[in-house]
Amino acid sequence: MEESRLKKLEKLREKGVNPYPYRFEISDFIGNVRSRFEREVPEGLKVKVRGKAKRVSRTEEGFMVRLSDEENVEILVFTREEGLRQGETYTFEGVLSRVEGKLSVVDAKLSEGDGESIRKIKARFDSDPEGEEVSLAGRLVSLRTMGKAIFGHIQDLTGRIQIYIRKDIVGDENFYFFNEIFDLGDIVGVKGKLFRTQTGELTVEVHSFELLSKCLHPLPEKWHGLKDVEVRYRQRYLDLIANPDSRRTFLLRSRLISELRRFLDERGFVEVETPVLQPIASGANAKPFITYHNYLEMNLYLRIAPELYLKRLIVGGFPRVYEIGKNFRNEGVDRTHNPEFTMVEFYVAYWDYRDLMEFTEELIVHLLKKVIGKLKINYGGKEIDFTPPFRRVKYFDLLKEKTGKDKEFFLRDLEGLRNLAKELEIPNYEKLTHAKLIDKVFERVAEEDLIQPTFVIDFPKLLSPLAKTHREDPDLVERFELIVATYEVANAYTELNDPMDQRERFLQQLREREMGDEEAMEMDEDFVRALEYGMPPTAGEGIGIDRLVMLLTDTDTIRDVILFPHMRPQ
RNA sequence: GAGCCGGUAGCUCAGUCGGUAGAGCAACGGCCUUUUAAGCCGUGGGUCCCGGGUUCGAUCCCCGGCCGGCUCACCA
């Protein structure tokens, strides 16, 4: 903790001021207030402005110029033009846009001639608050004291707004108190009326203020934010305070999950909760976390998937169910894997996997429209187009295209397959089971260049112990995976509802396990019994939420979309 | 688990071919009533990740450890 801040805390207590008061009445969130006076700028609106560069500063990818015209109205200009000098007069052409709420010209290029009046441009999108009274609270994130006046910004999740404190308005004593006590990072409540400064920024002229919580540590640097990835993950609150991108990502994640719920709810799905602690970890191929129940004196497993429970509910007469929740897999951690991750699984009675493909397209289109408002996204420098229908390609067609070998080869010629794996330099190729070999070869040759949304359909039965045998080919199952940017985003199938077949598949999994596949599934007798009571024809799907959020936020690290990713203790 | 890279002020970073360290922001003191990466003058601030070794001397070189990142392995 910082000594000077602790001293301020002492001073407050001496004055009888509680640095941690109980409540403060806000009239609205900051972003809502701003949006009432700041209209959305249509995308791609070109403007031309001319004025004097009051300041030129370097940004991560170019320069930011504060441009002031003859009427002394300012606008921010973001440009890549080199060699700009303070005090010179320039004309810029660029796209009008809001940066941190402020009207700005982005992608600006030097130009000739007169521009439009900056005041008029601003008047089209920024309206006069007409002295509206507000009561706002937030974290103090900037502070500029100017003798008898103070400017600063307070910030909440929805945005930031400038505050203006004048000695002749709040009185000598209060003004002195503010100067003496407040630090960057404190939570502050202010009451006052809205106006616009000369440069046009919406600002609260403060009539009264209150300390709502003292911050005892200095905040990360205002310009560079918090970069240290370790601190960003360990102290996510600091990341959220300092980095607007991070706030945006997690807000988007929340909105995506809300919209997902809404989409499913509106279509008659019932949201349910099934056990996280399970006596048998099944429903996927993965190593589970093991825990111990003292009272029952038995091991329990953290679920690797909710699948078998959700299908029991289909048997129980719930025709459409879904669950959004964490799965846990006791495996490596890397850019695309976290030991706990979020999935939605949903099941629909009377549908097959073809119905689900269309449904998945609808669902994804819905989410994209609601969350980012468009169907084309940029991911890792590539444009990805989610306009349906998505490409559909059969598993073995894709393999044949890439390797020249057909289904018969992959399913019947184990030795040939092993040689192929060797040629592809697949690690441990000599130890892998037949099923694993197919899977690995597929991943190596096929998944790598699936960038645009693609349904890979009709998987080999060996790889899919819970999927229904394909109606046209007993070697296959009716299953698809949706691959986007090489990530497996969704996995779905027509559910296996024949109890005899299911039992046989579990037995096959046990044989795989004996052959050294630690991730092969366990037998779940009660699940088979449930099927014996009759499960209607059903289709089911799982979608990885984390990876979907990664795609929509153009991040390549799963830890950037999980609020508190797993870290070793310090 | 393996290889490579990193850990320096609260934050972002620089630096020392081995002689115990700097900048900007933040902090502290002063000036400034429309500033906005405010500005101007001045001041303080460090277990250079931890432990050991080599050395007259280690933040720097060597060894070990901790934490993190990337790649690979594992993991649909």
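In what follows, chains are A, B, ... by sequence order, proteins preceding strands, each numbered from 1.
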Rounded to whole angstroms, how far apart are [atom1] on [X] and [atom2] on [N]?
{"X": "A:L202", "N": "B:U34", "atom1": "CG", "atom2": "C1'", "answer": "14 Å"}
{"X": "A:I558", "N": "B:C75", "atom1": "CD1", "atom2": "P", "answer": "17 Å"}
{"X": "A:Y233", "N": "B:C70", "atom1": "OH", "atom2": "P", "answer": "7 Å"}
{"X": "A:E518", "N": "B:C75", "atom1": "CD", "atom2": "P", "answer": "9 Å"}
{"X": "A:L226", "N": "B:G69", "atom1": "CG", "atom2": "P", "answer": "14 Å"}
{"X": "A:I241", "N": "B:C11", "atom1": "CD1", "atom2": "P", "answer": "14 Å"}
{"X": "A:L432", "N": "B:C75", "atom1": "CG", "atom2": "P", "answer": "8 Å"}
{"X": "A:D239", "N": "B:C11", "atom1": "CG", "atom2": "C1'", "answer": "13 Å"}

Which comes earlier along RNA chain B counting from the 5' end, the contact point of A:P569 or that of A:E519, where each point is its nearest nucleotide?
-> A:P569
Is a donor-acceptor contact shorter than 3.5 angstrom present between the side chain of [X] and the base of [N]?
{"X": "A:H224", "N": "B:C11", "answer": "no"}
{"X": "A:N428", "N": "B:C74", "answer": "no"}
{"X": "A:Q162", "N": "B:U35", "answer": "yes"}

Using the [atom1] atom on both, measure [N] against [M] and round to a whole Å.
{"N": "B:A37", "M": "B:G69", "atom1": "P", "answer": "34 Å"}
{"N": "B:U55", "M": "B:G15", "atom1": "P", "answer": "30 Å"}
{"N": "B:G64", "M": "B:C75", "atom1": "C1'", "answer": "31 Å"}
{"N": "B:C11", "M": "B:G53", "atom1": "C1'", "answer": "35 Å"}
{"N": "B:G44", "M": "B:G3", "atom1": "P", "answer": "47 Å"}
{"N": "B:C48", "M": "B:G22", "atom1": "P", "answer": "14 Å"}
{"N": "B:C41", "M": "B:U47", "atom1": "C1'", "answer": "34 Å"}
{"N": "B:C60", "M": "B:C28", "atom1": "P", "answer": "34 Å"}

Look at the aromatic rings of A:F209 and A:F177 and report parallel, tilted or perpendicular, splitting at 30° and 60°.
->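 A:F209 and A:F177: parallel rings.
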Check the angle between the aromatic planes of A:F328 and A:F289 and answer parallel, tilted or perpendicular using the 30° and 60° thresholds.
->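 Perpendicular.
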Looking at every strand, decide which applies to [X] at a 4.0 Å heavy-atom threshold: base, sugar-phosphate, or nothing.
{"X": "A:E74", "answer": "nothing"}
{"X": "A:R234", "answer": "sugar-phosphate"}
{"X": "A:G152", "answer": "nothing"}
{"X": "A:N285", "answer": "base"}
{"X": "A:H217", "answer": "nothing"}
{"X": "A:Y487", "answer": "nothing"}

Can you tell me the Watson-Crick or wobble partner of [N], both distances under 3.5 angstrom?
{"N": "B:C70", "value": "B:G3"}
{"N": "B:G46", "value": "none"}
{"N": "B:A14", "value": "none"}
{"N": "B:A58", "value": "none"}
{"N": "B:A21", "value": "none"}

A:R236 to A:I562 - nearest heavy-atom pair and separation |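 Heavy-atom minimum between the residues: NH2-O, 2.8 Å.
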Under 4.0 Å from OP1 or OP2 of [N]: is there any side-chain N or O of [X] that close?
{"X": "A:R559", "N": "B:G69", "answer": "yes"}
{"X": "A:R144", "N": "B:A38", "answer": "yes"}
{"X": "A:R329", "N": "B:C75", "answer": "no"}

Within a strict 4.5 Å, meaning less than it, do heavy atoms of the A:T360 and A:M357 side chains meet?
->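 A side-chain contact under 4.5 Å is absent here.
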Have A:H470 and A:D458 got a donor and an acceptor in their side chains that come within less than 3.5 Å?
-> yes
So, A:E201 and A:H153: side-chain donor and acceptor under 3.5 Å apart, yes or no?
->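 Side chains of A:E201 and A:H153: pair found under 3.5 Å.
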Should the pair A:R479 and A:F459 be classed as cation-pi, given the thresholds of under 6.0 Å to the six-membered ring centre and 45° from the axis?
-> yes
Could you encode protein contacts along nucleotides 26-33 of chain B as a string, one character per nucleotide from 5' to 3', using B for base contact, S for sugar-phosphate-only contact and - for no contact, with a heavy-atom cut-off of under 4.0 Å?
-> SSS---BB
From B:G68, B:U71, B:A37, pick the nucleotide closest to the side chain of A:R66?
->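 The answer is B:A37.
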Side chain of A:R568 only, please: which of B:C67, B:U35, B:A73 is the nearest?
->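 Within the option list, the nearest is B:C67.
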State plainly whether the residues A:D449 and A:K402 are in salt-bridge range, i.e. N to O under 4.0 Å.
-> yes
Using the test side chain to side chain donor-acceptor pair (under 3.5 Å), find all partners of A:R119 that sit at least two apart in sequence or belong to another chain.
-> A:E71
Can you give me every donor-acceptor pair (side chain of residues 420-431 of chain A, partner residue at least two apart or in another chain, under 3.5 Å) with its distance?
none

